[in-house]
Amino acid sequence: MISLSIKTEKLQKEHIIQGKSGKIVAVVLFENKDGKGQYGDDGFVVQSVSKEAREAGTRGPIVGNWRYIGAGSNRNNQPEDSGNDPF
C-alpha cells in the first residue's frame, strides 16, 4: 500500500484536466534514488503535464511525497519466482 501527500497550492491550474464528472489531477510517483528521505518518504509526487507541454520541455512541479505503508506494502516483499511458471 502507498500513502501520498499533495500540497494543493503547488498544483498548476493549467495542468488540471476537466473530466466528465469533475476535475482531474494526474500525477507521477518517482522513487528516491538514495532510499528514504529525511522525513521517511520513499519518493516524490510530480504533477503531470500535457503531451504538448512535455514535448516543449515543460516539466511538472513537485507537489508532494509518498511512502510505503502497512502490511505487504514493501516492494521487497514480492513473492519469489518458484520456477514453475509456464511463461
Side-chain angles (χ1 to χ4, degrees):
M1 207 173 346
I2 295 175
S3 171
L4 60 97
S5 298
I6 295 178
K7 297 175 183 173
T8 57
E9 69 274 5
K10 292 193 172 194
L11 293 172
Q12 295 179 347
K13 292 180 182 178
E14 63 268 23
H15 300 299
I16 296 176
I17 303 162
Q18 182 61 51
K20 291 181 181 179
S21 61
K23 295 182 179 183
I24 300 169
V25 176
V27 297
V28 179
L29 305 180
F30 288 90
E31 194 164 13
N32 291 337
K33 293 180 182 178
D34 299 325
K36 286 205 179 286
Q38 178 180 358
Y39 301 106
D41 54 293
D42 292 300
F44 55 98
V45 181
V46 174
Q47 184 179 7
S48 297
V49 298
S50 68
K51 180 180 179 183
E52 294 80 16
R54 257 191 332 273
E55 289 174 350
T58 302
R59 294 176 138 186
I62 296 174
V63 296
N65 56 46
W66 63 270
R67 70 182 67 189
Y68 292 105
I69 62 167
S73 62
N74 188 335
R75 69 184 187 287
N76 295 326
N77 288 340
Q78 299 291 328
E80 291 187 24
D81 183 9
S82 66
N84 297 329
D85 208 358
F87 303 103

Contacts under 3.5 angstrom, residues 51-61 side chains, donor-acceptor by atom type, not counting sequence neighbours:
residue, atom, partner, partner atom, Å
Arg54, NH1, Val49, O, 2.9
Thr58, OG1, Ala53, O, 3.4

Got a second to check how far [X]'s [atom1] is from [Y]'s [atom2], nearest 0.5 Å?
| X | Y | atom1 | atom2 | value |
| --- | --- | --- | --- | --- |
| Lys36 | Asp41 | NZ | CG | 8.0 Å |
| Arg67 | Asn32 | CZ | CG | 11.0 Å |
| Lys13 | Gln47 | NZ | CD | 12.0 Å |

Checklist entry - Any chain of hydrophobic side-chain contacts (each under 4.5 Å) joining Leu11 to Phe44? => result no
Checklist entry - When hydrophobic residues are tied together by side-chain contacts of less than 4.5 Å, even through go-betweens, does Val63 share a cluster with Val28? => result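 Val63 and Val28: separate clusters.
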Checklist entry - With sequence neighbours excluded, what pairs up with Lys23 under the side chain to side chain contact (heavy atoms under 4.5 Å, CB included) test? => result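 Lys23: side chain to side chain contact (heavy atoms under 4.5 Å, CB included) contacts with Ile16, Gln18.
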Next on the checklist: Please check: side-chain N/O of Trp66 versus main-chain N/O of Glu31, any donor-acceptor pairing under 3.5 Å?
Outcome noted: no
For residues 2-9, which side-chain N or O atoms pair as donor and acceptor with protein atoms under 3.5 Å away, sequence neighbours left out?
none

